[in-house]
There are 2 protein chains.
Amino acid sequence: MDWTFRADAPIYTQLYEQLTLSIVAGAYAPGERLPAVRELAVDAGVNPNTVQRALSELERDGLVFSQRTAGRFVTEDAGRIEQERREIARTRAGEFLAAMERLGYDREAALALLEEMKGEET
Amino acid sequence: MDWTFRADAPIYTQLYEQLTLSIVAGAYAPGERLPAVRELAVDAGVNPNTVQRALSELERDGLVFSQRTAGRFVTEDAGRIEQERREIARTRAGEFLAAMERLGYDREAALALLEEMKGEET
DNA sequence: ATTATTGTACTAATCACTTAATACACTAAT
DNA sequence: ATTAGTGTATTAAGTGATTAGTACAATAAT
């Protein structure tokens with residue numbers, strides 16, 4: 001993992017987002033053990049507590065669970081992971097549509113814009 | 001204007017965004033005079049400097065200009081306003097596609113999701 | 001039993017950013 | 001000339017959250 005952080009948002013937030021994406025996109029398999037808090041911390045060059053905080057949120061989301069002395073693991077519930085993936089996608093889509101609406105683009109127009117951008121780089 | 005602020009972002013940012021939207025969506029016409037800094041400040045219940053800061057950014061974007069003793073005005077360049085509207089829309093669209101891609105949705109799938117959401121509220 | 005490795009809790013300090021207070025500058029109108 | 005209404009600059013203080021330091025707890029392996 002590259003672990004490069006922007007300055008415009010807390011590190012723990014960025015860790016949280018990147019870890020979520022890693023799990024949801026399948027980079028960590030269901031049931032797989034995650035690196036230890038201290039290990040991740042060294043790897044990312046941050047304080048263990050910062051990692052801890054990010055991981056707590058993943059736990060709150062039900063994407064990981066921890067066994068006090070063995071370590072942290074990705075949930076074995078593949079359905080939960082897929083559900084999370086869908087939820088994030090729907091949220092993003094909703095936010096996008098809302099933003100476009102405020103700009104005076106109705107849904108047709110928003111879709112048209114996306115169609116028109118198909119060939120381009122992001 | 002309702003001027004209600006969230007707690008998760010600076011006030012000046014939110015002012016900036018809302019004012020931008022107001023201009024771009026045509027709530028303020030090209031050439032129209034904006035309320036004075038102090039007036040907006042009272043209206044929104046914030047410090048004049050906070051308003052000043054938001055307005056400075058609008059100026060940087062070329063959406064407003066100020067005449068030192070007369071007040072601030074929306075640019076008369078309607079093309080500039082439309083351009084800004086388009087830019088914001090394209091940026092949002094690009095961000096959306098990028099986010100969806102990280103989630104494993106290619107463009108087809110992203111569009112399909114939006115189609116599927118057409119009937120819903122945001 | 002001891003050690004090493006894990007997650008967790010608590011406290012404190014740093015640190016940057018936002019916001020506020022205040023004073024200044026300029027112009028038009030009276 | 002004076003006043004009132006603009007935008008602007010500068011400085012200071014608050015404030016809140018992030019991050020770090022350090023110590024604790026629990027279990028598995030040796």
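Side chains included, hydrogens not; waters and symmetry mates left out as well; all remaining heavy atoms used. Sequence lines set the chain letters: A, B, ... in the order given, protein chains first and strands last, and positions in each chain run from 1.
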Of all heavy-atom pairs between A/A93 and B/L114, which one has the smallest distance, and what is that distance?
CB-CD2, 3.7 Å
Side chain of B/A36, heavy atoms from C-beta onward: which of D/dT18, D/dG7, C/dT19 has the nearest atom to it?
D/dG7
Can you tell which of C/dT19, C/dC26, C/dC10 lies closest to the side chain of B/R68?
C/dC26
Could you tell me if A/T20 and A/E84 have a donor-acceptor pair between their side chains, going purely by distance under 3.5 Å?
no
Counting just side-chain N and O atoms, does B/S66 come under 4.0 Å of either OP1 or OP2 of D/dT6?
no
Residue pair A/A70/A/T13 against DNA chain D: nearer the 5' end by closest nucleotide is A/T13
Are any of A/Y12's side-chain N or O atoms less than 4.0 Å away from OP1 or OP2 of D/dT19?
no
Should the pair B/R85-B/E82 be classified as a salt bridge under the 4.0 Å nitrogen-to-oxygen rule?
yes
Candidates C/dT8, D/dA28, C/dT18 - which lies nearest the side chain of A/R38
C/dT8
Hphob cluster co-occupancy, A/Y105 + B/L113, side-chain heavy atoms under 4.5 angstrom
yes
Does OP1 or OP2 of D/dG5 have a side-chain N or O of B/R72 closer than 4.0 Å?
no
B/P10, nearest nucleotide to its side chain (from C/dT19, C/dA20, D/dG7):
C/dT19
Nucleotide of D/dG7, C/dG7, D/dA20 approaching A/V37 most closely (side-chain heavy atoms):
C/dG7
Looking only at side-chain N and O atoms, does B/T50 come under 4.0 Å of OP1 or OP2 in C/dA20?
yes
Minimum-distance nucleotide to A/N49 side chain [options: C/dT6, C/dA9, D/dT8]
C/dA9
Between C/dG7, D/dT6, D/dT27, which one does the side chain of B/R33 approach most closely?
D/dT6
